[in-house]
Amino acid sequence: MEIEVRGRNLSLSEPLAFLVERRLDAALGRFASRIRRVDVKLADLNGPRGGVDKQCRVEVILDHGGSVRAEGTEEHVRDAIDLAVHRIGRRLGRRLDRTGSHRRGLRLAG
């Protein structure tokens, strides 16, 4: 799973990039064989003015085509990362579980 982390109006330090990679690996690791690439964009929307303006956008590009996106905006960049990673994990899980069950012809009890 290839992960690319970029920053805009935000100092992207090596420890911050490592944090993003570690969180994504924990949230998406079980899907790694089905993921081609993960693009992460961190941004400070308001610059030095402050406020709830740190944004993390995550896009997962799948091997079979298509993509899943999620974002989080919080006051602190680490909180924005946590929110976006949590959301992308849930969305990707729902999408791959749904398409995986359908493709294998499994029926869900219910």
Side-chain angles (χ1 to χ4, degrees):
M1 177 169 63
E2 176 188 335
I3 299 172
E4 181 179 334
V5 182
R6 288 179 275 165
R8 185 176 56 118
N9 299 332
L10 184 74
S11 175
L12 183 62
S13 65
E14 192 172 315
L16 187 59
F18 181 72
L19 172 75
V20 171
E21 291 176 13
R22 197 175 72 225
R23 297 272 166 84
L24 285 169
D25 188 46
L28 307 179
R30 66 186 174 127
F31 306 117
S33 65
R34 297 158 84 179
I35 295 173
R36 180 180 311 153
R37 188 176 80 240
V38 180
D39 291 331
V40 179
K41 294 177 185 137
L42 301 174
D44 185 348
L45 302 175
N46 292 337
R49 290 181 293 188
V52 180
D53 68 336
K54 305 303 187 286
Q55 184 180 67
C56 177
R57 288 184 167 186
V58 181
E59 181 177 17
V60 174
I61 293 86
L62 302 170
D63 274 341
H64 70 278
S67 64
V68 179
R69 295 180 187 102
E71 71 177 53
T73 305
E74 293 288 336
E75 185 174 355
H76 303 287
V77 71
R78 291 173 189 259
D79 295 335
I81 292 166
D82 288 344
L83 181 58
V85 168
H86 175 73
R87 287 176 174 168
I88 198 73
R90 279 195 353 239
R91 289 180 186 170
L92 187 61
R94 282 195 307 264
R95 174 148 176 198
L96 294 180
D97 287 346
R98 183 176 56 235
T99 58
S101 297
H102 181 270
R103 232 181 309 167
R104 290 188 301 260
L106 298 177
R107 290 189 121 153
L108 301 176

Residue pair I81 / L16, side-chain heavy-atom distance below 4.5 Å
yes

So do M1 and V38 actually touch side chain to side chain, heavy atoms under 4.5 Å?
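Yes; the side chains approach each other to less than 4.5 Å.
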
Heavy-atom pair of closest approach, residues [X] and [Y]:
| X | Y | value |
| --- | --- | --- |
| E71 | R57 | OE1-NE, 3.1 Å |
| D44 | N9 | CB-O, 3.1 Å |
| A70 | A84 | CB-O, 3.9 Å |
| I35 | D63 | C-OD1, 3.8 Å |
| A80 | C56 | O-CB, 3.6 Å |

Drop me the distance from [X]'s [atom1] to [Y]'s [atom2], to the nearest 0.5 angstrom.
| X | Y | atom1 | atom2 | answer |
| --- | --- | --- | --- | --- |
| D53 | E75 | CG | CD | 8.5 Å |
| H76 | D82 | NE2 | CG | 12.0 Å |
| L42 | L10 | CG | CG | 6.0 Å |

Under a single-linkage definition using a 4.5 Å side-chain heavy-atom cutoff for Ile, Leu, Val, Met, Phe, Trp and Tyr, are L19 and L83 assigned to the same hydrophobic cluster?
no

When clusters are formed by joining ILVMFWY residues with side-chain heavy atoms under 4.5 Å apart, either directly or through shared neighbours, do V60 and L96 land in the same one?
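Yes, one cluster joins them.
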
Would you please test K41 and D39 for salt bridge (charged side-chain N to carboxylate O under 4.0 Å, His left out) and show each step?
CA-CA 7 Å; K41 294 177 185 137; D39 291 331; 5.9 Å; no

I'd like to know if E59 and R69 make a salt bridge, using a cut-off of under 4.0 Å between side-chain N and carboxylate O.
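R69 and E59: salt-bridged.
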
N-O pairing of E4 and R6 below 4.0 Å
yes

Should we say atom CZ of R78 is surrounded by more than 12 heavy atoms from elsewhere, each under 6.0 Å from it?
no

Please name all residues satisfying side chain to side chain contact (heavy atoms under 4.5 Å, CB included) with A27, sequence neighbours left out, ordered by chain then number.
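Scan of A27 (side chain to side chain contact (heavy atoms under 4.5 Å, CB included), adjacent residues dropped) gives V85.
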
Sequence neighbours excluded, which residues qualify as side chain to side chain contact (heavy atoms under 4.5 Å, CB included) partners of R8?
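R8: side chain to side chain contact (heavy atoms under 4.5 Å, CB included) contacts with A43, L45.
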
Derivation of the side-chain contact (heavy atoms from CB on, under 4.5 Å) call for L92 and L62:
CA-CA 10 Å; L92 187 61; L62 302 170; 3.7 Å; yes

